[in-house]
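Written below as structure tokens is the structure these notes are about.
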Amino acid sequence: MKQGWLTTPPLDNAVSGGWALARCAQGFLADDNGVLFPREWLKRQDLPYVAEHGLGQFDGEPVWLLELDAPADLPGCHWQGLRQFMLQADYPTFRMLSFAEQIGSWSAHHRFCGRCGARNQQVSGERCLRCPDCGLDSYARISPSMIVLVTRGDEILLARSPRFVPGMYSTLAGFVEPGESVEECVAREVREEVGLEVGNLQYLGSQGWPFPHSLMLGFHAEYLSGEITPQADEIEDARWFHYEQLPPLPMQRSIARYLIDLYLARRLGHPEPVLPR
Ligand SMILES: NC(=O)C1=CN([C@@H]2O[C@H](COP(=O)(O)OP(=O)(O)OC[C@H]3O[C@@H](n4cnc5c(N)ncnc54)[C@H](O)[C@@H]3O)[C@@H](O)[C@H]2O)C=CC1
Ligand SMILES: [Mg+2]
Ligand SMILES: [Zn+2]
């Protein structure tokens, strides 16, 4: 039996049984046992669900998503947002909820055709919403994004967004523009956010990230030239830190932290960390 989370092709909604998550814009339904409820029981609770999506398997058991328009009250249950689960849940549960969040929000945001306005229909056996009038297909959106650790000798470039918790610094990140290679995106975002030129890019790994629908592509880059000039509004502060004197860093399960920890491990000759799976 496969442990943890496994995304599968869409499960058949006509098959009964299994487990279910309930989601709406306010988060996921949870009780003392967690977020997975017996599916048939949950469907009998008269929840105002608007769509059902077969997601995959948790510890070998099939899991569906019930997408709700609004948070409904169930005795002994509460609603909790994905960010809270990111901080508190085990990694397989966070992976499952990350996928459910993106499928749920895609389904909620594509109820109507973006071309002609007719009500979309679920295509069976495919994760696709199709317009019955004009045939336009909508798939879940994934946004490629780069994330980069820039170094200069013994120093690491880290920056703060005004949205970060106080004191924390992280690597630079940004969304790929249409028509751009991810390597071009790294150079452009670093130039825009801190005014530096970088080179000698090395790809280090990727991570799907559900805030809101990014695929993070992680790089190391070396400083080439320029003086740090933080971009107004986006970057509150950016500086070079000696690798032995780093500020508070992002959480362990983020690829931002992985890029930093990997660099430190290689510098110090320690065992290399692994990206969580
Ligand atoms: N897993 C990790 O370790 C980390 C993940 N990230 C993620 O990387 C992504 C990019 O990072 P930022 O510095 O925020 O990006 P960014 O530097 O490109 O700036 C964000 C802004 O870009 C615009 N934008 C352009 N294309 C967009 C799209 N497809 N979707 C949404 N907004 C778009 C919006 O105005 C948004 O406010 C975000 O999704 C963020 O959550 C960022 C840092 C660490
Ligand atoms: Mg950015
Ligand atoms: Zn249409």
Side-chain angles (χ1 to χ4, degrees), residues 81-83 85-87 91 94-95 97-98 101-102 105-106 109-123 128-150 156-165 168-180 182 184-196 198 204-221 228-238 248-263 273 275-277:
L82 184 61
R83 282 191 184 272
F85 287 106
M86 170 185 75
L87 298 171
Y91 198 68
F94 174 57
R95 290 269 331 255
L97 296 180
S98 295
E101 176 89 355
Q102 289 177 80
S105 60
W106 159 68
H109 300 165
H110 291 82
R111 288 197 295 167
F112 300 96
C113 173
R115 184 157 58 194
C116 80
R119 187 176 283 276
N120 278 334
Q121 292 174 352
Q122 228 168 308
V123 180
C128 173
L129 292 169
R130 180 167 295 155
C131 173
D133 288 1
C134 79
L136 183 68
D137 286 341
S138 300
Y139 296 94
R141 174 150 64 128
I142 298 168
S143 301
S145 309
M146 75 81 203
I147 181 158
V148 63
L149 178 73
V150 180
I156 294 176
L157 178 74
L158 295 172
R160 273 189 58 73
S161 143
R163 300 184 296 273
F164 287 0
V165 294
M168 190 190 79
Y169 282 74
S170 184
T171 49
L172 299 179
F175 292 101
V176 176
E177 293 282 356
E180 188 177 58
V182 66
E184 288 169 327
C185 174
V186 172
R188 177 184 54 75
E189 284 283 342
V190 173
R191 197 177 298 128
E192 285 176 9
E193 295 195 344
V194 292
L196 302 180
V198 295
L204 294 172
S206 70
Q207 177 179 56
W209 195 244
F211 307 108
H213 35 59
S214 293
L215 170 60
M216 308 305 302
L217 301 157
F219 289 84
H220 174 244
I228 293 176
T229 314
Q231 182 180 23
D233 303 330
E234 286 286 316
I235 304 293
E236 186 179 281
D237 187 32
L249 299 173
M251 70 185 306
Q252 214 79 46
R253 59 181 55 163
S254 65
I255 190 170
R257 180 62 175 270
Y258 169 76
L259 296 177
I260 298 166
D261 287 351
L262 180 64
Y263 179 76
L275 257 175
R277 273 175 217 293

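Both ligands and their constituent atoms are indexed starting at 1 by order of listing. The first residue in the sequence is number 1, and the count goes up from there.
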Has [X] got any heavy atom lying under 4.0 angstrom from an atom of ligand 1?
X: Glu189; value: yes
X: Glu234; value: yes
X: Glu177; value: no

Output the distance between atom [atom1] ([X]) and atom [atom2] ([Y]), rounded to the nearest 0.5 Å.
X: Tyr169; Y: Ser161; atom1: OH; atom2: OG; value: 12.0 Å
X: Ser143; Y: Met216; atom1: OG; atom2: CE; value: 10.5 Å
X: Ser170; Y: Leu259; atom1: OG; atom2: CG; value: 8.5 Å
X: Tyr258; Y: Leu275; atom1: OH; atom2: CG; value: 5.0 Å
X: Ile147; Y: Leu204; atom1: CD1; atom2: CG; value: 11.0 Å
X: Cys185; Y: Phe175; atom1: SG; atom2: CZ; value: 10.0 Å

(message) Please report whether atom 34 (C) of ligand 1 has a protein non-hydrogen atom at a separation of less than 4.0 Å.
(response) no
(request) For atom 18 (O) of ligand 1, decide whether some protein heavy-atom distance is shorter than 4.0 Å. (result)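 Under 4.0 Å from atom 18 (O) of ligand 1, at least one protein heavy atom found.
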(message) To 10 degrees, how wide is the angle OE2 (Glu193) to the Mg ion (ligand 2) to O (Ala173)?
(response)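 Taking the Mg ion (ligand 2) as the apex, I get 100° for this pair.
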(request) Look only at interatomic distance and state if Glu193 has a nitrogen or oxygen under 3.5 Å from any nitrogen or oxygen of ligand 1. (result)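 N/O-N/O distance below 3.5 Å exists for this pair.
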(request) Please work out which of the three classes, parallel, tilted or perpendicular, describes the rings of His110 and Trp106, given edges at 30° and 60°. (result)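 Aromatic pair Trp106/His110 classed tilted.
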(request) For the residue pair Phe94 and Phe211, categorise the inter-ring angle as parallel (less than 30°), tilted (30 to 60°) or perpendicular (more than 60°). (result) parallel
Nearest protein heavy atom to [atom], by residue and atom, and its distance?
atom: atom 2 (C) of ligand 1; result: Ile255 CG2, 3.9 Å
atom: atom 16 (P) of ligand 1; result: Gly174 CA, 3.7 Å
atom: atom 3 (O) of ligand 1; result: Ala256 N, 3.0 Å
atom: atom 36 (C) of ligand 1; result: Phe175 CE1, 4.6 Å
atom: atom 6 (N) of ligand 1; result: Met216 CE, 3.5 Å
atom: atom 44 (C) of ligand 1; result: Ile147 CD1, 3.4 Å
atom: atom 12 (P) of ligand 1; result: Ala173 O, 3.9 Å

Using a 4.0 Å cut-off to any heavy atom of [X], which atoms of ligand 1 qualify?
X: Ser214; result: 9 (C), 38 (C), 39 (O)
X: Gln207; result: 1 (N)
X: Ser143; result: 29 (N)

(message) Any non-hydrogen side-chain atom of Gln252 less than 4.5 Å from a side-chain atom of Asp261?
(response) yes
(message) Taking the side chain as everything from C-beta on, heavy atoms only, tell me whether Asp133 gets closer than 4.5 Å to Cys113.
(response) no
(message) For Arg163, which part has a heavy atom under 4.0 Å from ligand 1: side chain, backbone, both, or neither?
(response)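 Within the 4.0 Å criterion, Arg163 contacts ligand 1 through side-chain atoms alone.
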(message) At under 4.0 Å between heavy atoms, is it the side chain or the backbone of Arg257 that contacts ligand 1, or both, or neither?
(response)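 Neither; nothing of Arg257 gets under 4.0 Å from ligand 1.
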(request) Kindly identify the option in Phe164, Tyr258, Phe211 whose heavy atom sits closest to atom 40 (C) of ligand 1. (result)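 Residue with the shortest heavy-atom distance to the ligand atom: Phe211.
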(request) Work out the angle at the Zn ion (ligand 3) between SG of Cys116 and SG of Cys134, rounded to 10°. (result) 120°
(request) Compute the angle centred on the Zn ion (ligand 3) spanning SG of Cys131 and SG of Cys113, and express it rounded to 10 degrees. (result)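 The two atoms form an angle at the metal of about 110°.
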(request) Step by step, work out the salt bridge (Lys or Arg N to Asp or Glu O under 4.0 Å) result for Glu192 and Arg188. (result) CA-CA 6 Å; Glu192 285 176 9; Arg188 177 184 54 75; 3.2 Å; yes
(request) In plain terms, say whether Arg160 and Asp237 are close enough for a salt bridge, that is, a side-chain N and a carboxylate O under 4.0 Å apart. (result)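 No, no charged N to carboxylate O under 4.0 Å.
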(message) Could you check whether atom CD1 of Ile142 has more than 12 heavy atoms from other residues, nucleotides or ligands sitting under 6.0 Å from it?
(response) no
